[in-house]
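Indexing begins at 1, ligand by ligand and atom by atom, following the structure's order. All values below come from the heavy atoms of this structure, side chains included, with hydrogens, waters and symmetry mates left out. Numbers here simply count residues along the sequence, with the first being 1.
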Amino acid sequence: MPRTTILVMIDGLDPEYLAACPAPNLRRFAAEGFHVSGAGMMPSVTNVNNTSMVTGHYPAQHGIVSNYWLDREAGIEQYVESGEFICADTIFAQCQRSGGRSLLAASKDKLRRLLGTDTDLAFSAEQPTPEAVAAAGEPPHVYSLEVNGWTIEAARAALQAAHYDLAFIATTDYAMHAYGPQHPESARHLAILDAALGRLAADVPDAQLLITADHGMSDKRRMLHLPEILARKGIAAQAVPIIKDQYVVHHSNLGGCIYVHLEDPAAADDAIGVLRETDGVEEALPRHQAARRFSLMGERIGDILVTGAADVVFGDPAEVALPPGLRSHGSAHEMGVPIIGYGGDFGGFEFRENRDLGRYVSQRVLN
Ligand SMILES: [Zn+2]
């Protein structure tokens with residue numbers, strides 16, 4: 001077994017980017033190791049999928065079902081940015097119990113805050129350590145194409161400076177929200193990532209790499225405001241955006257999946273009838289069905305889970321105008337992710353979902 005296992009989560013790496021952009025190192029990893037078309041978790045947003053990767057579990061077990069949630073019991077809305085919300089054991093905690101050391105390097109600080117518990121070293125490009133700055137320079141802005149290169153370089157430096165048994169590197173999807181696969185800036189972003197990953201593989205001796213994404217990315221051209229549609233039929237409802245986080249420049253908090261909370265839960269059947277008739281709504285599922293279908297923790301989701309057609313996002317025009325050229329995620333159309341493994345003995349282990357990276361670490365590395 002290699003001495004260091006490195007999981008790389010390339011945020012928003014839709015398979016289309018790999019198909020369209022030159023990425024010689026990723027192609028070499030795939031050719032010498034393996035490459036499969038995998039699936040992510042629903043809702044296809046960052047926190048849900050990253051938590052599945054570091055626990056190996058579905059959201060029904062780990063409890064992270066959105067980036068943002070309405071806690072109906074407490075009557076408050078809040079960002080899901082703390083490890084306290086995670087109900088399952090992480091690979092970092094398992095690593096610690098087995099006497100190993102782990103590292104988390106993220107572009108976005110929200111992932112350090114959510115996942116960093118029980119790591120031996122955790123930093124982000126927004127909250128770097130002095131050592132990371134000394135090794136990789138001042139981090140570029142979190143809304144830049146260069147920030148992900150910094151995060152991988154800083155992780156490489158940390159892995160060269162001290163031994164870690166496990167590392168989790170998480171980039172940000174600013175570039176994918178901003179540019180489609182055919183845009184020259186996407187080729188430049190992929191080249192930055194690819195070069196940094198090539199150096200990582202070359203310079204960390206005896207490492208195995210597993211690379212995947214949390215979700216894909218689609219062009220979004222239509223916006224639906226579901227509370228207004230329901231209000232026209234006399235149903236009072238609140239829509240809580242699953243994608244919402246503090247990186248508004250990325251997506252204006254507009255995503256392809258939303259939790260609807262009804263003022264009167266007894267109106268659920270009527271509301272679902274209205275939503276299913278609405279053009280652009282792909283699925284409207286009552287809580288228990290949504291929880292079963294997508295393996296979600298039922299008590300943390302809305303009365304109704306609504307998913308959009310490929311080009312649809314959910315939002316309130318009183319709060320936000322649909323930006324021209326919006327690219328976003330959250331729906332079932334952004335669940336496809338690549339899974340690439342390199343440098344390890346992956347024989348006999350089936351990688352089908354991004355959460356399998358965590359499962360592999362639990363079952364094969366730390367066991
Ligand atoms: Zn993401």
Side-chain angles (χ1 to χ4, degrees), residues 7-18 38-55 59 62 64-69 79-81 85-86 104-116 124-126 142-145 147-148 151-152 168-181 186 189-190 193 210-220 241-258 294 307-308 310 313-314 326-340 353-355 357-358:
L7 307 187
V8 184
M9 189 291 293
I10 303 182
D11 201 319
L13 185 70
D14 193 287
E16 287 186 11
Y17 287 98
L18 273 185
M41 306 288 119
M42 270 295 279
S44 56
V45 297
T46 299
N47 292 10
V48 174
N49 279 272
N50 275 269
T51 309
S52 283
M53 275 178 240
V54 305
T55 61
H62 65 60
I64 304 298
V65 296
S66 57
N67 293 348
Y68 184 82
W69 77 308
Y79 294 104
V80 180
E81 292 192 348
F85 293 114
I86 300 176
L104 170 78
S107 293
K108 288 187 270 205
D109 199 56
K110 79 162 184 179
L111 285 177
R112 183 190 65 85
R113 294 197 298 275
L114 178 67
L115 306 176
S124 70
E126 294 181 283
V142 74
Y143 298 142
S144 72
L145 297 193
V147 66
N148 291 332
T151 302
I152 299 168
F168 186 77
I169 302 174
T171 68
T172 177
D173 58 3
Y174 165 74
M176 284 77 160
H177 278 288
Y179 306 109
S186 288
H189 178 234
L190 261 283
L193 283 174
L210 282 160
I211 300 164
T212 190
D214 49 352
H215 52 76
M217 195 71 70
S218 308
D219 291 322
K220 304 292 183 184
I242 291 164
I243 198 171
K244 183 169 177 173
D245 65 14
Q246 305 193 48
Y247 301 84
V248 179
V249 170
H250 286 195
H251 44 58
S252 306
N253 289 331
L254 296 170
C257 188
I258 202 149
F294 297 123
T307 68
V313 288
F314 300 103
L326 178 72
R327 293 174 55 73
S328 195
H329 52 94
S331 83
H333 299 275
E334 292 89 28
M335 286 178 75
V337 294
I339 305 176
I340 294 172
E353 297 173 311
N354 53 10
R355 75 180 181 97
L357 272 62

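In this structure a side-chain-to-backbone donor-acceptor pair under 3.5 Å is missing from Arg112 to Leu104.
No other N/O/S atom of Asp11 lies as close to the Zn ion (ligand 1) as OD1 does. Asp214 contributes OD2 as its N, O or S atom closest to the Zn ion (ligand 1).
Ala310 approaches Ser218 most closely through the heavy-atom pair O-CB, 3.9 Å.
Just one of Thr212, Asp214, Asn354 meets the side-chain hydrogen bond (donor to acceptor under 3.5 Å, both in side chains) condition when paired with Asn49; it is Asn354.
At least one N, O or S atom of His215 sits under 2.8 Å from the Zn ion (ligand 1). Distance check for Thr172 against the Zn ion (ligand 1): none of its N/O/S atoms falls below 2.8 Å.
In this structure, the ring-ring contact (aromatic ring centres under 6.0 Å, His included) partners of His329, at least two apart in sequence or on a different chain, are His177, His215.
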